[in-house]
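One structure below.
Index from 1, following the sequence.
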Amino acid sequence: MYQQLTAKQVDMSKVRTIVYHLPDGQAIALSIENMEEYMDFSLGDICDTSDIDGVVHYFPRGNA
């Protein structure tokens, strides 16, 4: 299953964790088990390392 988080497509079947990088420099790691269909992010940048470690880093616009 492919889901478009921003302009880049990510194979959500390989993603286990999304790390949401906050504007103040902190980050929140969210397990997405059973939540794939609810993942909807506004514009931002994505660093997809799901092929390596199952993690997607999301940087919201203005914090990338």
Considering residues at least two apart in sequence or located in another chain, which fulfil the salt bridge (charged side-chain N to carboxylate O under 4.0 Å, His left out) criterion with Asp53?
none
Which other residues belong to the hydrophobic cluster containing Ile52, where Ile, Leu, Val, Met, Phe, Trp and Tyr are joined when side-chain heavy atoms lie under 4.5 Å apart, directly or via other members?
none
For His21 versus Pro60, what's the shortest heavy-atom pair and its separation?
O-CD, 3.1 Å
Okay, side chain of Thr17, backbone of Val55: is any donor-acceptor separation there less than 3.5 Å?
no
What about Leu22 and Val19, same hydrophobic cluster or not, with Ile/Leu/Val/Met/Phe/Trp/Tyr joined at side-chain heavy-atom distances under 4.5 Å?
no
Is the ring pair Tyr58/Tyr20 parallel, tilted or perpendicular, if the boundaries are 30 and 60 degrees?
tilted
Check whether Val15 and Ile46 end up in the same hydrophobic cluster, where Ile, Leu, Val, Met, Phe, Trp and Tyr are linked by side-chain heavy atoms less than 4.5 Å apart.
yes
